[in-house]
There are 2 protein chains.
Amino acid sequence: MGTSLEPAHTEFPASPRPDPNHADCRGVASVLSRVGDKWSVFVIMMLSDGPKRFNELKRMINGISQRMLTLTLRGLERDGLVTRTIFPTIPPRVDYELTDLGRGLQEPVKALGEWAIAHQDRIAAARTRFDERNGG
Amino acid sequence: MGTSLEPAHTEFPASPRPDPNHADCRGVASVLSRVGDKWSVFVIMMLSDGPKRFNELKRMINGISQRMLTLTLRGLERDGLVTRTIFPTIPPRVDYELTDLGRGLQEPVKALGEWAIAHQDRIAAARTRFDERNGG
DNA sequence: CAGGATCCACGTCGATACTG
DNA sequence: CAGTATCGACGTGGATCCTG
């Protein structure tokens, strides 16, 4: 296999006794790392306006390898965010579409995306300052 | 170094001609991967209620290595999300505190976190179904 | 067309030891 | 206390080749 469907680093060393305050860190962290996954986010965005085929997505998301697209779609399907519909035609055709859950996720993700767009200049500036105060 | 301060995989193969629609993918993706970074999120959360010291954070975030805490804090500082204040006392003391930018990021992140908490059951269920329909 | 399988380079992380 | 330096194990992702 070489690559798992689980978002990375979801295993979290439990506190001696489970802290009720952070009881669901694992679950939350695993959802957050979906969002942190660039490809997953792009796929979710591309599926905003209706179902898409495999190679359609591949063309839309410039730079993704077919391996990563497959893996990403499997992960999203596993999480119930995307459905996979096979048309047993020749040549084969597979459609991917957002579920209600997936569409629900879009909202907070878009909010985050808009924040990112709104503040990317400040962040870029901060990075530049930081880098030249140090390494410079 | 071995580990960079840049969020991973921010380099994005540009389209032949820059697509105005996706012009700022790089910047946005790099912010999103900050959010996907479990440790960064935890640190930001821990700093919600005022400044904290290094080992204080280390104790609060169960399971983080001192190396990762250092790296995470440097990344957040570089992005202008966190300030680092050194008190030249003996023993030394360093406080970390959210900037306005950092506090602003908290909102969409919390929205996402709440979505994650609200739907983690459905996601977990979807994963189980998927896993036993396949590997089972 | 849609993907499975394999190989390998690289980045990331934890453990450990050491410093101011 | 608050880090830096180094090393080794592991995961991740791209490239390539092959199948139904």
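Convention: sequence-line order gives letters A, B, ...; per-chain numbering from 1.
In terms of phosphate contacts, Arg74(A) brings a side-chain nitrogen or oxygen within less than 4.0 Å of OP1 or OP2 of dG3(C). For dA2(C), neither phosphate oxygen OP1 nor OP2 lies less than 4.0 angstrom from any side-chain nitrogen or oxygen of Arg59(A). Regarding contacts with the backbone of dC1(D), every side-chain N or O of Arg53(B) stays at 4.0 angstrom or more from both OP1 and OP2. Taking 4.0 angstrom as the limit, Arg67(A) places none of its side-chain polar atoms (N or O) nearer than this to OP1 or OP2 of dT16(D).
In this structure, the nucleotide among dA2(D), dG3(C), dG14(D) sitting nearest to the side chain of Arg84(A) is dG3(C). Side-chain atoms of Pro91(B) lie closest to dC1(D) of the nucleotides dG3(D), dC1(D), dC13(C). Of the candidate nucleotides dG14(C), dA2(C), dG14(D), dG14(D) has the atom nearest to the side chain of Trp39(A).
Judged by distance alone, with hydrogens and angles left aside, Gln66(A) brings a side-chain donor or acceptor within reach of the base of dG4(C), the pair sitting under 3.5 Å.
Judged by distance alone, the side chains of Arg127(B) and Ser30(A) do bring a donor and an acceptor atom under 3.5 Å apart. In this model, no donor atom of one side chain and acceptor atom of the other lie less than 3.5 Å apart for Thr85(B) and Glu97(B).
Residue Tyr96(A) is in sugar-phosphate contact alone, with no base atom involved, counting any heavy-atom pair closer than 4.0 Å across all strands shown.
A straight line from CG of Leu5(B) to C1' of dT4(D) spans 13 Å, rounded to a whole angstrom. Put simply, CZ on Arg34(A) is 14 Å from C1' on dT12(D), counting in whole angstrom units. Between Lys58(A) atom NZ and dC1(C) atom C1' the separation is 12 Å, expressed in whole Å. One interatomic measurement links the two molecules: CG of Leu73(A) to C1' of dG4(C), which rounds to 15 Å at whole-angstrom precision. Atom CG in Leu71(A) sits about 11 Å away from atom C1' in dG3(C), given to the nearest Å. For Ile61(B) and dA2(D), the CD1 to P distance is 14 Å, given to the nearest whole Å. Taking atom CE on Met68(A) and atom C1' on dA2(C), their separation rounds to 17 Å, with Å as the unit. In this structure, the CZ atom of Phe54(B) is 15 Å from the C1' atom of dG20(C), given to the nearest Å.
Clustering ILVMFWY residues whenever any of their side-chain heavy atoms sit less than 4.5 angstrom apart, transitively, puts Leu73(B) in the very cluster that holds Ile86(B).
Proximity of a side-chain donor or acceptor of Arg103(B) to a complementary backbone N or O of Leu98(B) within less than 3.5 Å is detected.
Heavy-atom distances to DNA chain D give each of Thr70(B) and Asp37(A) a nearest nucleotide, and the one nearer the 5′ end belongs to Thr70(B).
For the atom pair CG (Asn134(B)) and CZ (Arg74(A)), the distance works out to 8.5 Å, reported to the nearest 0.5 Å.
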